[in-house]
Amino acid sequence: MAAPMTAHTRNAEALGERGSRSLRRRGGLGERTVEIAIQLVALVSIAAILLILVFVGKEALPLLTSAEVHKEVTPLGMLAPIQRSGESLYMWQPVSDVAKYNVIPLIVGSVKVTLVALVFAVPLSVAAALFVSEYASERVRELAKPAIELLAGVPSVVVGFFALVALASWIQAVFGTEHRLNALVAGLGLGFAICPIVFTVAEDALRAVPRSYREAALAMGSTRAQSVLRVVLPAAAPGIAAAVVLGFGRAIGETMIVVMASGNAALLDASLGRSTRTITATIAQELGEVVVGSPHYDVLFALGAMLFTATFVVNFFGERVVDGMRRRLGAGS
Amino acid sequence: MRAVVAPPATSLTKDAGYKMRARDLTVRYGENTAIKDVTIDVHDKVVLALIGPSGCGKSTFLRSLNRMNDMVPGISVSGHVELDGEAVYGPGVDPVLVRRRVGMVFQRSNPFPKSIFENVAYGLRVAGLSGQSVVAERVERALRHAALWDEVKDRLQESGLGLSGGQQQRLCIARALAVEPEVLLMDEPASALDPIATAKIEDLISELRSELTIVIVTHNMQQAARVSQRTGFFYMGRLVEVGETSTIFTRPKQRETEDYITGRFG
């Protein structure tokens, strides 16, 4: 056998005898170029989001500044009810003779539909994630996880179509709802749409719980259910909370399903069986036909800005809550 | 109390109570045989140390005593293990109930991401014990037992993961002791600890000996010599030799044992 090449001689050759002794940066130019390129790409994507926010804000700005616009609508007028024959009315009727721009019914609509979606999707998705991560065999898991993730790729118009045609009839037959298209139908449709994302993030969180926790739980004489419910699930709670926040963001921003399935009547009530209208559906349906620069146009942009802000705030606080949970579970540092 | 008379740890006479016994125990992972035909008695209230090179099967053997191997995919166990004369692998035996009597401490400390108090209370709660004062009393007793009480009594509500490595391991011991097991299995409990923390764990083992039976796997022969009264030597999945620790370390019967303890291999 030839003399073996030691690690030392190999390194020395690779570095070049002389270069290996120098502490100076070598081949810096290529490295720098790549670094700058990556930073640039990152900046562009952040800038794009900021510019969208600036654009939306700018289009909504006349609402605050223009006296012309204030003849028709004021920021306060978007929130305060109209008094008519002793009644307080919250009305969104932007194209009537006397345009009414109260956004409260739209906000309530969005919140209502989103809550229905979360109430439906979160338990279902977390239970599915628990099954797949804790109980299913490796084979079942290998099939189930990608299959459910694939559902995230179903176009929302297809989900909306299903909700509109099939789900709405079932719901009306079962619950005898007042309107065929309503908050419940739209919320359930939305729930279908967010299930895959909540499921997959929650499942990852459960799988990330160290095996040593499960072992310790079982060695302490827990049944499998006890170890899952008392150890694995709490340990995965921050990740599951993150999944819920993501699901919320997706649900409140989703448009097509609610356009198709909610009935789109801007009624202000807590009923799930009546039609409702969300912020997203309003923007989607009205922005195409509005006179550019009109008060109505400005109000729609203000709605967009509100949605943007709401999502941002929820994500921000969601993140903080998740961090807090992680810290409480962890070393407290 | 469990046993009527604890045999003196160093003299192992005839009918001295056997806490656990294994007969012809063979464990396979798929095609691979991890341990073969292991026959060994675990004397009541005695520390039994299992030594041997890595991969010799000592951990597999330990984990088959409380059926912790059950959930390893593709495992098969044959032979006989008994606890107080009752078959551990018998029909209708609930592994959960076995584990409540035969506790375990792992190589790497693995406290739950819960408070110190809840960590220790865990086993009590899953066993259905309720009543805050009873639980609190048992938690305190377990922590005192594990020589951890004085260090943590003012921060019971803080996370168990905030403790040092040695404290975490003692927390895991306290957690195991809280349910008052009859046997405690320890899988290299000090291998990830510094010498001072190791010494504390070893002292603890010596103190616990009067109350329960301990089986400890260790790769550290000095540790085996310090804490145990009986020692078994595993090699390539077989139990080569078992006997009083002093005998094993001074006059082993088997050549392989002698080679291992004198450091010729392993």
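Proteins get letters first, then strands, A, B, ... in listed order; numbering begins at 1 in each.
Side-chain contact between Asn220(B) and Ser191(B) is absent, with no heavy-atom pair separated by less than 4.5 Å.
With a 4.5 angstrom heavy-atom cutoff, Arg63(B) touches chain A only via side-chain atoms. With a 4.5 angstrom heavy-atom cutoff, Pro234(A) touches chain B only via side-chain atoms. Heavy-atom distances place no part of Pro73(B) under 4.5 Å from chain A, backbone and side chain included. With a 4.5 angstrom heavy-atom cutoff, Glu215(A) touches chain B via backbone and side-chain atoms both. For Arg108(B), no part lies near chain A; criterion is any non-hydrogen pair under 4.5 Å.
When each of Gly221(A), Ala235(A), Ser227(A) is scored by its heavy-atom pairs under 4.5 Å with chain B, the top score falls to Gly221(A). For the set Lys114(B), Glu158(B), Met104(B), the count of heavy-atom pairs under 4.5 angstrom toward chain A peaks at Lys114(B).
Looking only at distances, no side-chain donor or acceptor of Thr218(B) sits under 3.5 Å from a matching main-chain atom of Ala224(B). Formation of a donor-acceptor pair under 3.5 Å by the Ser222(A) side chain with backbone atoms of Ala217(A) is found in this model. With hydrogens and angles disregarded, a donor-acceptor distance shorter than 3.5 Å links the side chain of Arg214(A) to the backbone of Val209(A). Without hydrogens or angle criteria, Thr255(A) side chain to Gly253(A) main chain gives a donor-acceptor distance under 3.5 Å.
With 3.5 Å as the limit, one finds no donor-acceptor pair spanning the side chains of Ser115(B) and Glu118(B).
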